[in-house]
Amino acid sequence: MDYKQLVATAVADATDGQVTASDIYEKIEVPKTSQNGDLAFPTFILAKQLHAAPQQIAKKLVEKIDTTNFSKVVVVGPYLNFFLDQQQVAQQVLGEVLVEKNHYGDNEDGHDQTVTIDMSSPNIAKPMSMGHLRSTVIGNSIAKLLSKNGYRPIKDNHLGDWGTQFGKLITAYLKWGNEDDVKRDPIHYLVQYYIRFHHEDEQDPTLDEEAREWFKKLEDGDPEAVQLWKWFREVSLQAFNQTYQKLGVSFDTYNGESFYNDALQGVVDTLRKDGLLEKSQGASVVDLSSDNLNPALILKSDGASLYITRDIATAIYRDQTYHPVMNLYVVGSEQTYYFKQLKAVLKKMGLKSAAGLHHIPFGLITVNGKKLSTRHGNIVLLNEVLAESIKLAQAQIAAKNPDLKNKEQVAEEVGVGAVIFGDLKNERIDPIDFNLQEQLKFEGETGPYVQYAHARAESVLKKAHQPLPTKITQLTMTDDAWTIIKMLQNFPATVRRANHEFEPSMIAKYALRLAKAFNKYYAHTKILTDDDQLNDRLALVQAVSLVLKEALRLLGVQAPDEM
RNA sequence: GUCGCAGUAGCCCAGUUGGAUAGAGCAACGGUCUUCUAAACCGUGGGUCGAGCGUUCGAAUCGCUCCUGCGACACCA
């Protein structure tokens, strides 16, 4: 039920058709305090048209308004404040949630159309940092939002598994490496070699020469080079998958950069054939002045391909394989300009899905205001942060709920949930200066806070020893309960908006507000009292539990029944 | 230098399409567990919404100028 529409129609009717309902609909707002009603219409916009002062208009309209759908309509200055029929709304909303359960808020906006998501994309032989966390959990949440909105997401982990750095890595491994070490802790040791390489090549320029040769061999299919590369890739992927498993994230494909090696020449040929490629300072570029952008560099002056060449091949592959309506890239905001160029080139090439290419940027992660860099050893390891968080969750459980079953599993769900939620609760674009203590908070506006509210709700439902209700009769309406009802009613709209804006933080904010409203209700209302209202209170609790769990699911966060 | 993003309480952030008295959390202080999990709840203090001008009946929100921070600006990804 669209209550805004109800108000808009009522107001439009009261103007005797002088104003259309759709004009009014857009201006209806939700008052900041519930004392001013559930929905309000400011009459300012009618002042010119009706040649009267807003206050006068409000007074006049309120006399003519049909109030059958509302409990009351009152005038406060220039505002028309509408109070909804609380029982009617409660019955409708709770009924809907309890019947639809975790499908409450689903819609068919996407019409089963496919959306590809370029996300996570760690580099082989390098550890996953907090930067990868961002791309991974934001992409994962967007995929879930897309599904809920009727799309078919394809999560593509565009691994950084090709490039000159593998020449360096092979060189370093052959010089200083040890097979057993790499087997024991692949990422750790491979990174050591890499860092050492960059340390020593400052003194010894022949190292770079050697690295270039090894990469050339790799490109030419030299068996030793290829075998090492494959091995690095495999052990790295195994290590990544352990982390992904912890995060509860999976992918539909892992088509890394190397996957497109064979397609690069075709990209260049096509660009040339279309007359898009031109020489500039020895390099081959696509002129983008018609898009008000700098030229896109496709081939270096030595003829080598660049990142964009690969990305064009990738976009074409996705276009032909999946026919996506949208092609999303969850990549840091520092690449915004680059993606404008990529999109412009693809448009010039006439790629169908180019119009649906969207860069979904997120803010840079820094530590003490400095950029992270594997090379300089300035890095926050994702695995370490997760481990710390889980450890803290274990300690909390030991202190607060020592008899809990599945302690280990719950600790992991809470610890990991805190990290994921902590990343998703703020707007994507906000830069984050990483602070471990800040990250490891379980109180206030955090993931565990929402999980805790859900666990409390589940605990009450369990102790009720009753079949779960599917509707209500006459819920005793307190301010706390009414706030919850309105919030539940809002969930489907929030799901739509979050998807439309590619903004998981809207779901996180919603979950926090609902959890807060529930905790308040829980503190003030005794739920398990055996009276004729018990069923209705349980219905409310059940609805809250369902929606909290669903909101957390959309963020990729678990909701344990006990914690 | 050019372009982009940002600036709201001591800290970290909300603030729908411009609307009524700018809100949470953390930190500080003070209350609430023999009763559904205190990872909670209730209360107190704390603001020239970076600065200025403009548009508007009305601006944290829109426009312009300036200040500050971060990022991107062809042979990295």
Side-chain angles (χ1 to χ4, degrees), chain A residues 26-33 35-36 40 42 44-45 47-48 53-54 76-79 81 121 123 160 163-165 257 280-285 292-308 310-311 331-338 340-341 361 363-364 366 369 371 393 396-397 399-401 404 414 418 425-427 429-433 435 438 441-453 455-464 493-494 497 501 505-506 509 512-513 515-516 518-529 537 541 562-563:
Chain A
E26 288 169 26
K27 297 291 172 187
I28 292 167
E29 55 191 64
V30 179
K32 284 202 187 91
T33 71
Q35 289 158 10
N36 284 331
F44 304 102
I45 51 155
K48 252 184 206 165
V76 180
Y79 287 89
N81 291 338
S121 311
N123 293 318
T164 49
Q165 72 268 24
E257 293 171 13
S280 170
Q281 296 171 35
S284 300
V285 305
N292 226 350
L293 293 166
N294 293 330
L297 193 60
I298 305 292
L299 293 176
K300 299 199 232 178
S301 32
D302 66 1
S305 66
L306 282 154
Y307 186 60
I308 196 167
R310 228 164 265 277
D311 257 344
V331 180
S333 61
E334 66 273 16
Q335 292 192 40
T336 297
Y337 192 81
Y338 167 77
K340 279 186 188 166
Q341 290 181 311
L364 198 66
T366 52
K371 243 179 125 165
Q396 293 280 343
I397 290 168
K400 294 170 194 292
N401 196 357
L404 180 67
V414 172
K425 78 171 173 180
N426 289 333
E427 261 185 271
I429 202 75
D430 287 353
I432 296 180
D433 193 46
N435 176 324
E438 202 60 41
K441 285 230 164 95
F442 290 2
E443 290 167 17
E445 296 177 331
T446 65
Y449 177 92
V450 179
Q451 290 173 318
Y452 184 64
R456 280 177 137 185
E458 281 302 312
S459 175
V460 168
L461 293 168
K462 192 176 163 196
K463 287 194 173 152
T494 305
R497 265 192 71 206
E501 313 271 326
S505 70
M506 287 183 180
K509 294 261 162 57
L512 281 172
R513 264 180 283 137
K516 192 179 191 105
F518 176 72
N519 273 333
K520 196 168 179 173
Y521 176 79
Y522 180 94
H524 299 313
T525 307
K526 176 80 181 161
I527 297 158
L528 294 180
T529 302
R537 285 192 301 269
V541 174
E562 291 177 61
M563 64 185 272

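Computed from a predicted model, the values in this text were never measured in an experiment. Values reported hereafter were calculated over all heavy atoms of this structure, with side chains retained and with hydrogens, waters and symmetry mates removed. Naming: A, B, ... by sequence-line order, numbering from 1 per chain.
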Point to revise | Modelled atom types, side-chain donor and acceptor of A:D433 and A:T366, under 3.5 Å | key: yes
Review point. How far, in whole Å, is B:U61 from B:U17 if one measures between their P atoms?
Key: 14 Å
Tabulate atom names and distances for all N/O pairs under 3.5 angstrom spanning the protein and nucleotides 41-47 of chain B.
residue: B:C41; atom: OP1; partner: A:Y449; partner atom: OH; Å: 2.6

Check your understanding: Across the strands shown, which category fits A:I397 at heavy-atom distances under 4.0 angstrom: base, sugar-phosphate, nothing?
Key -> base
Check your understanding: Mind checking whether A:L528 and A:V460 have side chains closer than 4.5 Å, heavy atoms only?
Key -> yes
**Study point:** Nearest-angstrom distance from the residue atom CG of A:N36 to P of B:G23
**Key:** 12 Å
Check your understanding: Backbone N or O of A:L293 within a donor-acceptor pair of the A:K340 side chain at under 3.5 Å?
Key -> no
Check your understanding: Any side-chain heavy atom of A:F518 within less than 4.5 Å of one from A:V541?
Key -> yes
Check your understanding: Less than 4.5 Å apart, any side-chain heavy atom of A:Q451 and any of A:F442?
Key -> no
So which protein N/O to nucleotides 6-17 of chain B N/O distances come out below 3.5 Å?
residue: B:C13; atom: O3'; partner: A:D430; partner atom: OD2; Å: 3.4
residue: B:C13; atom: O2'; partner: A:N426; partner atom: OD1; Å: 3.3
residue: B:A14; atom: OP1; partner: A:E427; partner atom: N; Å: 3.4
residue: B:A14; atom: OP1; partner: A:D430; partner atom: OD2; Å: 2.6
residue: B:U16; atom: O2; partner: A:R497; partner atom: NH1; Å: 3.1

Exercise for review: Could you check whether A:A53 gets within reach of a base, just the sugar-phosphate, or nothing at all, counting any heavy atom under 4.0 Å?
Suggested key: nothing
Practice item. Measure the CZ-OG1 distance between A:R537 and A:T525 for me, rounded to the nearest 0.5 Å. Key: 8.0 Å
**Study point:** A:Y337 and A:N294: side chain donor to acceptor below 3.5 Å
**Key:** yes
Review point. Contact class for A:N81 vs. all strands (heavy atom < 4.0 Å): base, sugar-phosphate, or nothing?
Key: base
Review point. Under the salt bridge (charged side-chain N to carboxylate O under 4.0 Å, His left out) test, which residues partner A:R456, sequence neighbours left out?
Key: none
Exercise for review: May I ask you to decide if A:K509's main-chain N or O and A:K425's side chain share a donor-acceptor pair within less than 3.5 Å?
Suggested key: no
**Study point:** Separation of B:C3 P from A:Q341 CD (nearest whole Å)
**Key:** 17 Å
Practice item. Please map the stems of RNA chain B, keeping only stretches of three or more Watson-Crick or G-U wobble pairs with both distances under 3.5 angstrom. Key: B:1-7 with B:67-73, B:28-32 with B:40-44, B:50-54 with B:62-66
Practice item. Rounded to whole angstrom, note down the C1' distance from B:G54 over to B:C41. Key: 47 Å
Practice item. Specify the closest pair of heavy atoms between A:S505 and A:N426, including all atoms of both residues, with the distance to one decimal. Key: CB-O, 3.3 Å
Review point. Base, sugar-phosphate, or nothing for A:T525, non-hydrogen atoms under 4.0 angstrom?
Key: base
Give each protein N/O atom lying under 3.5 Å from an N/O atom of nucleotides 72-77 of chain B, with the pair distance.
residue: B:A72; atom: OP1; partner: A:K371; partner atom: NZ; Å: 3.2
residue: B:C73; atom: O2'; partner: A:N294; partner atom: ND2; Å: 3.1
residue: B:A74; atom: N1; partner: A:S280; partner atom: OG; Å: 3.1
residue: B:C75; atom: O2; partner: A:S301; partner atom: N; Å: 2.7
residue: B:C75; atom: O2; partner: A:S301; partner atom: OG; Å: 3.2
residue: B:C75; atom: N3; partner: A:S301; partner atom: OG; Å: 3.0
residue: B:C75; atom: N4; partner: A:Q281; partner atom: O; Å: 2.8
residue: B:C76; atom: OP2; partner: A:K300; partner atom: NZ; Å: 2.8
residue: B:A77; atom: OP2; partner: A:Y307; partner atom: N; Å: 3.3
residue: B:A77; atom: O3'; partner: A:E257; partner atom: OE2; Å: 2.9
residue: B:A77; atom: N3; partner: A:Q335; partner atom: NE2; Å: 3.4

Check your understanding: Could you give the distance from CD (A:Q281) to CG (A:L297), rounded to the nearest 0.5 Å?
Key -> 9.5 Å
Review point. Can you tell me how far P of B:A24 sits from NZ of A:K441, to the nearest Å?
Key: 19 Å
Check your understanding: Nearest 0.5 Å, what's the CD-OG distance between A:E257 and A:S121?
Key -> 8.0 Å
Review point. If we take the P atom in both B:C57 and B:C67, what is their distance in whole Å?
Key: 32 Å
Practice item. Answer whether the closest heavy-atom distance between the side chains of A:D311 and A:Y338 falls below 4.5 Å. Key: yes
Practice item. Answer with base, sugar-phosphate or nothing: what part of the nucleic acid does A:P31 contact at a heavy-atom distance below 4.0 Å? Key: base
Exercise for review: Assign B:C33 to syn or anti; the rule is syn for a glycosidic angle within 90° of 0 and anti otherwise.
Suggested key: syn
Review point. Looking only at atom C1', what distance separates B:G1 and B:C75, rounded to whole Å?
Key: 22 Å
Practice item. For A:D302, check side chain to side chain contact (heavy atoms under 4.5 Å, CB included) against everything at least two apart and list the hits. Key: A:K300, A:A304
Practice item. Under 4.0 Å between any heavy atoms, over every strand shown, what does A:A40 touch: base, sugar-phosphate, or nothing? Just pick one. Key: base
Point to revise | Separation of the C1' atoms in B:U56 and B:C64, to the nearest angstrom | key: 16 Å
Exercise for review: Quick one: label A:I527 by what it contacts on the DNA or RNA (base, sugar-phosphate, nothing), any heavy atom closer than 4.0 Å.
Suggested key: base
**Study point:** Gap in Å between the two P atoms, one belonging to B:A14 and one to B:A24, rounded
**Key:** 16 Å
Review point. Between OH of A:Y452 and CD of A:E443, what distance do you get to the nearest 0.5 Å?
Key: 10.5 Å
Review point. A:S459 side chain N/O closer than 4.0 Å to the phosphate oxygens (OP1, OP2) of B:U37?
Key: yes
Point to revise | Inter-nucleotide C1' distance (B:U65, B:U21), Å rounded | key: 32 Å
Review point. Rounded to the nearest Å, what distance is computed from the CD atom of residue A:E443 to the C1' atom of nucleotide B:U37?
Key: 14 Å
Check your understanding: Rounded to whole angstrom units, what separation is found between the CD atom of A:Q451 and the P atom of B:A40?
Key -> 12 Å
Study note, to complete from the structure: Here the distance between atom C1' of B:C33 and atom NZ of A:K400, to the nearest Å, is 13 Å
Practice item. Using whole Å, report how far NZ of A:K463 lies from C1' of B:U35. Key: 11 Å
Check your understanding: Looking only at atom P, what distance separates B:A51 and B:G7, rounded to whole Å?
Key -> 13 Å
Review point. Ignoring hydrogens and geometry, is there a side-chain-to-backbone donor-acceptor pair from A:R310 to A:S305 under 3.5 Å?
Key: no
Revision key, fill the gap. Rounded to whole Å, CE of A:M563 lies from P of B:A38 at a distance of 12 Å
